[in-house]
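Inspection log for the structure reproduced underneath, given as structure tokens.
Values below: all heavy atoms of this structure, side chains included; hydrogens, waters and symmetry mates excluded. Naming convention: chains lettered A, B, ... in sequence-line order (proteins, then strands); numbering from 1 in each chain.
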Amino acid sequence: KAGVTQTPRYLIKTRGQQVTLSCSPISGHRSVSWYQQTPGQGLQFLFEYFSETQRNKGNFPGRFSGRQFSNSRSEMNVSTLELGDSALYLCASSFTGGPYEQYFGPGTRLTVT
Amino acid sequence: GESVGLHLPTLSVQEGDNSIINCAYSNSASDYFIWYKQESGKGPQFIIDIRSNMDKRQGQRVTVLLNKTVKHLSLQIAATQPGDSAVYFCAIPLQGGKLIFGQGTELSVKP
């Protein structure tokens, strides 16, 4: 079974631009969670989607948004990029959204200049 | 809110030695704990978990110990190998697919 895939793997953007990251979960998984990983703050929860509905959201500004499609693929969008948004963005998929079975993708490395 | 902390940001051990990575948590109501391993260029990978009704759980070369009295858990890796070099995180799951992660301990294994 193929693992969680994320595209692109690397991205360089300029401050003020917007960016869209994509996550394809493991086949059959209906929950996708997104995390931001930085050296200073570590791994922080962004949001979780299940069957196209956002069920949970972390403490991030409204510039961070996401969505999930009927095939469970998910995208997250960051508008008006700031230098501090430079991070590794990870998505994790699971069948039900429970913590017992979250599988992480390799992440998208976003650099904002 | 829930918080998770690690005692050491880095740990260096000799190949073949045992490694111990520690983690502390704040909420005594937490009932489930997970250890993840993150290798360079990869996402976190599940290693082992433990429920609060257990004090100890063993996997292949890994053991997790839970001390609920002092809200502390540890990951022990037996006969550490170069392939064990990675960052190790403890994590506590909350509702709705949310995991609270510790800051991570970077384990380096010297050959």
>> Counting only non-hydrogen atoms closer than 4.5 Å, does B:Gln38 touch chain A with its backbone (N, CA, C, O), its side chain (CB onward), both, or neither?
In response: side chain
> Side chain, backbone, both or neither: which part of A:Leu43 has a heavy atom under 4.5 Å from chain B?
Replying inline: both
>> Which atoms of A:Gln37 are under 4.5 Å from chain B, going by heavy atoms: the side chain, the backbone, both sets, or neither?
In response: side chain
> Would you say B:Lys68's side chain and B:Ser52's backbone share a donor-acceptor pair under 3.5 angstrom?
Replying inline: yes
> Measuring heavy-atom distances to chain B, does A:Arg109 have an atom under 4.5 Å in its side chain, in its backbone, in both, or in neither?
Replying inline: neither
> Side chain, backbone, both or neither: which part of A:Leu46 has an atom under 4.5 Å from a heavy atom of chain B?
Replying inline: neither
> Can you tell which of A:Gln6, A:Lys57, A:Gln41 has the highest number of heavy-atom pairs within less than 4.5 Å of chain B?
Replying inline: A:Gln41
>> Any side-chain to backbone donor/acceptor pair from A:Arg9 onto A:Gly107? Under 3.5 Å, distance only.
In response: yes
> Are the side chain of A:Ser33 and the backbone of A:Glu48 linked by a donor-acceptor contact shorter than 3.5 Å?
Replying inline: no
>> Among A:Gln68, A:Gln54, A:Arg30, which residue satisfies the side-chain hydrogen bond (donor to acceptor under 3.5 Å, both in side chains) criterion with A:Tyr49?
In response: A:Gln54
> So, A:Ser74 side chain and A:Arg67 main chain: donor-acceptor pair closer than 3.5 Å or not?
Replying inline: yes
